[in-house]
There are 2 protein chains.
Amino acid sequence: MISQAIEDYLKTIYKLQHGGTENERVTTSVIADRMGVAAASATNMIKKLAEMHLLVHTPYQGVGLTGAGRKIALETIRHHRLIELYLAQALGYPWDQIDAEADRLEHAISEEFEDRIDKALGYPTIGAHGEPIPTKQGKIEDLDYPRLSDLETGQPAIIRRVSDRNPEMLRYMDQMGLQLGTRVEVREKAPFSGPLQLKIDADKEEALGLEVAYNIFVDLAP
Amino acid sequence: MISQAIEDYLKTIYKLQHGGTENERVTTSVIADRMGVAAASATNMIKKLAEMHLLVHTPYQGVGLTGAGRKIALETIRHHRLIELYLAQALGYPWDQIDAEADRLEHAISEEFEDRIDKALGYPTIGAHGEPIPTKQGKIEDLDYPRLSDLETGQPAIIRRVSDRNPEMLRYMDQMGLQLGTRVEVREKAPFSGPLQLKIDADKEEALGLEVAYNIFVDLAP
DNA sequence: GATTTAATTTAGCCATGGCTAAAATAATGT
DNA sequence: ACATTATTTTAGCCATGGCTAAATTAAATC
Ligand SMILES: [Mn+2]
Ligand SMILES: [Mn+2]
Ligand SMILES: [Mn+2]
Ligand SMILES: [Mn+2]
């Protein structure tokens with residue numbers, strides 16, 4: 001009934017509704033783009049999901065998940081994030097490889113499997129890239145941290161979340177010593193969208209491009 | 001290219017070629033039956049697999065895997081058995097629940113995942129139900145143990161493999177204290193395909209139906 | 001050897017989830 | 001206000017992997 005494709009669409013739509021800036025419409029083309037399919041394919045699936053009452057579609061305007069749709073999205077996201085954390089912690093995967101593996105496994109595991117890895121991990125609430133893990137009941141914390149690229153110079157901060165979209169970028173962060181919990185401070189911002197001079201962990205200082213800083217989210221440190 | 005359905009068919013055909021008595025033909029209806037699909041559906045897939053040179057089909061006679069087909073079958077079986085063992089050993093699954101979970105996961109894991117659980121398990125060669133685990137190169141030991149139902153009375157033996165086809169039967173075996181490594185001896189065989197009186201582990205004696213005994217494979221003990 | 005039965009294949013259908021090309025609609029610029 | 005552009009939808013196609021019903025072929029029985 002609920003196929004892998006449906007789960008992936010609902011997950012993507014949920015993340016588009018919440019991840020982005022508020023009040024941005026989740027349109028056919030945005031969904032198609034994120035899913036890596038043609039716009040017509042997205043239209044088809046949106047129509048089908050609307051018929052299943054998993055979302056509401058206002059033609060030419062965009063979509064919004066219903067309670068039922070959000071439930072499935074959050075369940076899929078929970079699977080994804082628990083699996084990612086399990087791969088990292090129990091099997092020693094590097095953090096740039098877990099997303100791709102979890103994208104397939106999230107559809108294949110049972111509730112039993114979910115419960116067992118949840119227990120093995122000690123009922124975690126934060127995933128391997130710092131995202132909140134939805135509960136089994138479908139609740140999710142909304143942590144929204146400022147981006148490192150928006151941080152004021154001289155303000156110490158701690159890395160709390162990173163985007164997992166680009167594995168190469170994750171590998172680069174690793175190489176720079178940027179992980180969850182790492183203490184950072186912007187020393188200087190180069191003009192014309194230039195790189196920022198970043199103090200990392202009190203011992204080194206490196207230049208970091210804005211695009212990378214845009215994908216790192218921080219907590220202001222005292 | 002190689003879909004989940006193809007992997008499942010090839011796996012099933014491999015097991016039919018080897019599991020059963022030698023010289024039994026692997027026919028359309030046998031495949032359809034094991035796969036739980038209509039005979040016409042099996043015909044379709046067989047035709048397709050023959051075009052892909054994964055098997056040879058003699059119309060109305062049956063099929064035989066090619067080298068390429070056997071390779072994929074063994075890779076799928078390797079995934080299945082490593083996953084089963086991992087579920088049992090690392091996540092504490094009971095042995096009656098691992099087959100169903102592995103039947104889905106076997107198609108979703110990467111080579112990386114395979115290698116990591118292989119390592120975590122200490123490069124095992126025998127699966128959770130006693131089956132040999134094919135190597136990454138596609139070699140497999142052919143262990144064929146006699147069935148407990150064929151064992152002579154008075155001959156002590158050790159359980160080495162069980163069929164994993166029926167979860168309920170596995171639960172029943174567990175309840176009876178019948179596991180891999182358990183020492184058993186047939187004391188008496190009731191006539192007319194009746195139950196056998198079985199000594200289990202030197203401390204108890206129970207009546208065991210022939211169907212269950214048929215699904216237990218043993219090694220003769222000294 | 002002819003006939004009945006069983007197995008297999010063919011024909012034609014369906015659902016899913018992709019695609020491209022064309023048409024319709026909304027948004028934008030002059 | 002109207003023309004241009006961008007987005008969205010529709011129409012029609014394809015591959016995959018199911019299904020049932022009918023036709024064909026092989027096997028078994030008389
Ligand atoms: Mn992820
Ligand atoms: Mn996915
Ligand atoms: Mn199994
Ligand atoms: Mn399977």
Side-chain angles (χ1 to χ4, degrees), chain A residues 1-13 16-17 20 23-65 68-69 72-73 76 103-104 106-108, chain B residues 1-14 16-17 20-21 23-65 68-69 72-73 76 103-104 106-108:
Chain A
M1 202 72 254
I2 302 297
S3 65
Q4 167 161 344
I6 290 176
E7 288 180 352
D8 276 334
Y9 272 94
L10 293 174
K11 184 180 79 163
T12 296
I13 291 166
L16 286 170
Q17 278 188 319
N23 298 337
E24 273 189 284
R25 293 177 334 185
V26 179
T27 62
T28 301
S29 55
V30 171
I31 295 168
D33 189 63
R34 276 292 179 95
M35 290 293 297
V37 299
S41 304
T43 297
N44 268 341
M45 182 56 92
I46 287 165
K47 202 171 158 191
K48 183 177 160 186
L49 295 175
E51 274 160 17
M52 294 172 83
H53 301 106
L54 297 174
L55 53 74
V56 174
H57 182 217
T58 315
Y60 292 98
Q61 294 305 312
V63 302
L65 293 182
I72 294 168
T76 307
D103 262 339
R104 283 172 283 109
E106 63 192 3
H107 313 289
Chain B
M1 202 71 256
I2 304 296
S3 65
Q4 168 160 343
I6 289 177
E7 288 181 352
D8 276 335
Y9 271 95
L10 292 174
K11 184 180 79 163
T12 297
I13 291 166
Y14 179 89
L16 286 169
Q17 279 188 319
T21 316
N23 299 337
E24 271 189 284
R25 291 179 335 185
V26 179
T27 61
T28 301
S29 55
V30 171
I31 295 168
D33 189 62
R34 276 291 179 97
M35 291 291 299
V37 298
S41 304
T43 297
N44 269 341
M45 182 57 92
I46 288 165
K47 203 173 158 190
K48 183 176 160 185
L49 295 175
E51 275 160 15
M52 295 172 82
H53 302 105
L54 297 174
L55 53 74
V56 173
H57 182 216
T58 315
Y60 292 98
Q61 294 305 312
V63 303
L65 293 182
I72 294 167
T76 307
D103 262 339
R104 284 172 283 109
E106 64 191 2
H107 313 289

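Residue numbering restarts at 1 for every chain, and letters A, B, ... go by the order of the sequence lines.
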- [ ] Check whether any side-chain nitrogen or oxygen of B:Ser29 sits under 4.0 Å from OP1 or OP2 of C:dT8, and answer yes or no.
- [x] yes
Task: Listed partners of A:Gln61 passing side-chain hydrogen bond (donor to acceptor under 3.5 Å, both in side chains), at least two apart - done: A:Arg25
Open item on the list: Any residue in residues 47-54 of chain B with a heavy atom nearer than 4.0 angstrom to DNA chain D? Just list them by number, or reply none.
Closed with: B:Lys48
Open item on the list: So B:Thr28, base contact, sugar-phosphate only, or nothing? Heavy-atom distance under 4.0 Å.
Closed with: sugar-phosphate
- [ ] Could you tell me which residues satisfy side-chain contact (heavy atoms from CB on, under 4.5 Å) with A:Ala68, sequence neighbours excluded, listed by chain and number?
- [x] A:Leu54, A:Thr66
Just the atom pairs and distances: protein N or O near nucleotides 19-28 of chain C's N or O, under 3.5 Å.
unit_1 : atom_1 : unit_2  : atom_2 : d
C:dC19 : OP2    : A:Ala38 : N      : 2.9
C:dC19 : OP2    : A:Ser41 : OG     : 2.4
C:dT25 : O4'    : A:Tyr60 : OH     : 3.3

Open item on the list: How many whole angstroms separate atom CE of A:Met35 from atom C1' of C:dG17?
Closed with: 10 Å
TODO: Look at the side-chain N and O atoms of B:Thr27 and state whether any lies under 4.0 Å from the OP1 or OP2 oxygen of C:dT8.
DONE: yes
Task: Residues that A:Asp103 engages under salt bridge (Lys or Arg N to Asp or Glu O under 4.0 Å), provided they are two or more places apart - done: A:Lys11
Open item on the list: Taking 4.0 Å as the cut-off, does a side-chain nitrogen or oxygen of B:Ser3 come that near to OP1 or OP2 on D:dG17?
Closed with: yes
- [ ] Write down the distance between OH (B:Tyr9) and P (D:dT16), rounded to a whole number of angstrom.
- [x] 14 Å
Open item on the list: To check you understand the geometry: which heavy-atom pair defines the closest contact between A:Val26 and A:Gln17, and what is its length?
Closed with: CG2-CG, 3.7 Å
Task: Residues that A:Ala40 engages under side-chain contact (heavy atoms from CB on, under 4.5 Å), provided they are two or more places apart - done: none
- [ ] Calculate, to the nearest 0.5 Å, the distance between atoms CD1 and CD1 belonging to B:Ile13 and B:Ile31 respectively.
- [x] 4.0 Å
Task: Whole-Å gap separating P (C:dT16) and NE2 (A:His107) - done: 17 Å
Task: N/O (side chain, A:His57) to phosphate O (OP1/OP2, D:dT9) under 4.0 Å - done: yes
Open item on the list: Using the side-chain contact (heavy atoms from CB on, under 4.5 Å) criterion, which residues pair with B:Val30? Sequence neighbours excluded.
Closed with: B:Leu16, B:Thr27
TODO: Figure out the CE/P separation between B:Met45 and C:dT8, and round it to whole Å.
DONE: 18 Å
Please list, pair by pair, any protein nitrogen or oxygen found under 3.5 Å from a nitrogen or oxygen in nucleotides 1-3 of chain C.
none

- [ ] Please state how far atom CD1 in B:Ile31 lies from atom C1' in C:dA7, giving the value in whole angstrom units.
- [x] 13 Å
TODO: Among residues two or more places apart or on two chains, list those pairs meeting side chain to side chain donor-acceptor pair (under 3.5 Å) that have a residue in residues 30-46 of chain A.
DONE: none
Task: Nearest heavy-atom neighbours spanning B:Tyr14 and B:Ala73 - done: CB-CB, 3.7 Å
Task: Qualifying residues under side-chain contact (heavy atoms from CB on, under 4.5 Å), relative to A:Lys47, sequence neighbours excluded - done: A:Glu51
Open item on the list: If you compare all heavy atoms of B:Ala39 against all heavy atoms of B:Ala32, which two are closest, and at what distance to 0.1 Å?
Closed with: CA-CB, 3.7 Å
Open item on the list: I need the CE-C1' distance between B:Met1 and D:dG17, as an integer number of Å.
Closed with: 14 Å
